[in-house]
Amino acid sequence: MAEPLKVLVTGAAGQIAYSLIFNIAKGDVFGKDQALILVLLDIAPMMSVLDGVVMEIQDCAIPLVKQVIATDKEDVAFQSIDVAILVGSMPRREGMERKDLLQANVKIFKSQGSALDKFAKKTVKVLVVGNPANTNCLIAMKSAPSIPKENFFCLTRLDHNRARAQLALRLGVPSNDVKNVIIWGNHSSTQYPDVNHATVKCDGKEMSVSAAIKDDNWLKNDFIQIIQQRGAAVIKARKLSSAMSAAKAISDHMKDIWFGTPEGEWVSMGVISDGNAYNIPDGLIYSFPVKIKNKTWNIVECLSINDFSCEKMKTTATELVEERDTASEFLTSA
Ligand code: NAX
């Protein structure tokens, strides 16, 4: 069996982590032969809850899990880790301004970025889930200058999976027959779910999604809104935010980093923009279509972009520029 992989999950006493840790522990993410050391970080008041999570991991009796480290100390949590899945963040409370939320999260992700810089392996792969995910990821990346920028990701796979699933439901096909949707931009309600390059297998024949759906009006309006508002719809129904589907999306994202994307397919991931691809401003963590091989991602370039898409991609980029600028002010004062 391979050397144990040291995997950190933050927000480990929370609801996403509760599903995620199980997925990781049973080998769904890093493989059925990959031994694991699970490191669980949460804040001090949650330590007794975390004790319960540790007991349950033990009770699962999963042989891949060689050790579980539960802590509220960043210097312990980030020590020599191979993977960091940063789920914990400051939640938005009633009456809280967006700016206050950003400020609280800049503090958390600056501190965790510095801990990555000091204690993690330089090869560490970092996935930021806690919202505002793109900007939190940017702050962590900026606070960890010794780790390659390419090692930082934010989660937009849940949006990607939602898009795939909605198209599959509409067409009455399995979701894995829908390929190459794209989520552009921010993991927020300005994100742009794009189906212009997506394909679907219908009656054994591969065709474009728009030819299969035959309803451009639905694709340009209802579909986009359903995906942009899906998180809010889940909260309204469940009185809690998406957790099972978020954990599945995190698992899909990390598995693709580890084992690569299937031939001929891409997935959506928030990665650093160098200013070249699709005229997205340099230095944003922006969701692009990416392909992965040997744990290295590349943006799928040269896809044709129509005027409708171009506008939507700009809108979400503008929101990210504003978030970045506000967060940067807080970064210097945090
Ligand atoms: P929960 O409130 O259930 O859990 C969050 C946990 O994080 C809590 O146990 C809390 O004590 C802990 N925490 C807070 N500050 C911390 C810190 N500085 N260090 C370590 N732990 C800390 O939230 P949950 O439903 O698990 O959601 C977690 C985050 O994921 C939220 O920010 C949420 O908005 C975000 N999401 C992001 C998604 C994405 O696609 N990017 C989708 C799902 C989810 O909405």
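For reference, positions follow the sequence shown, starting with 1. For ligands, and for the atoms within them, numbers begin at 1 and follow the listed sequence.
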**Prompt:** Do Trp297 and Phe288 have their ring centres less than 6.0 Å from each other?
**Reply:**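 Between Trp297 and Phe288, the centre distance exceeds or equals 6.0 Å.
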**Asked** Honestly, is Lys312 close enough over Trp184, meaning NZ or CZ under 6.0 Å from the six-membered ring centre and within 45° of the axis?
**Response** no
**Prompt:** If every non-hydrogen atom of Val87 is compared with every non-hydrogen atom of Leu20, which pair is closest and at what distance?
**Reply:**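 Nearest heavy atoms, Val87 then Leu20: CG2-CD2, 4.3 Å.
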**Message:** Taking atom CG as the centre, does Asp59 end up with more than 12 heavy-atom neighbours from other residues, nucleotides or ligands that are less than 6.0 angstrom away?
**Reply:** yes
**Asked** Taking atom NZ of Lys122 as the centre, does the number of heavy atoms from other residues, nucleotides or ligands within less than 6.0 Å exceed 12?
**Response**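 Yes.
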Under 3.5 Å, which donor-acceptor pairs do the side chains of residues 76-83 form with other protein atoms, sequence neighbours left out?
from, atom 1, to, atom 2, distance (Å)
Asp82, OD1, Lys121, NZ, 2.8
Asp82, OD2, Lys6, N, 2.7

**Complete:** Near ligand 1 (heavy atom, under 4.0 angstrom), the protein residues are Gly11, Ala13, Gly14, Gln15, Ile16, Leu41, Asp42, Ile43, Met46, Val87, Gly88, Ser89, Ile108, Gln112, Val129, Gly130, Asn131, Ala133, Leu155, Leu158, His187, Ser241, Ser242, Ala246
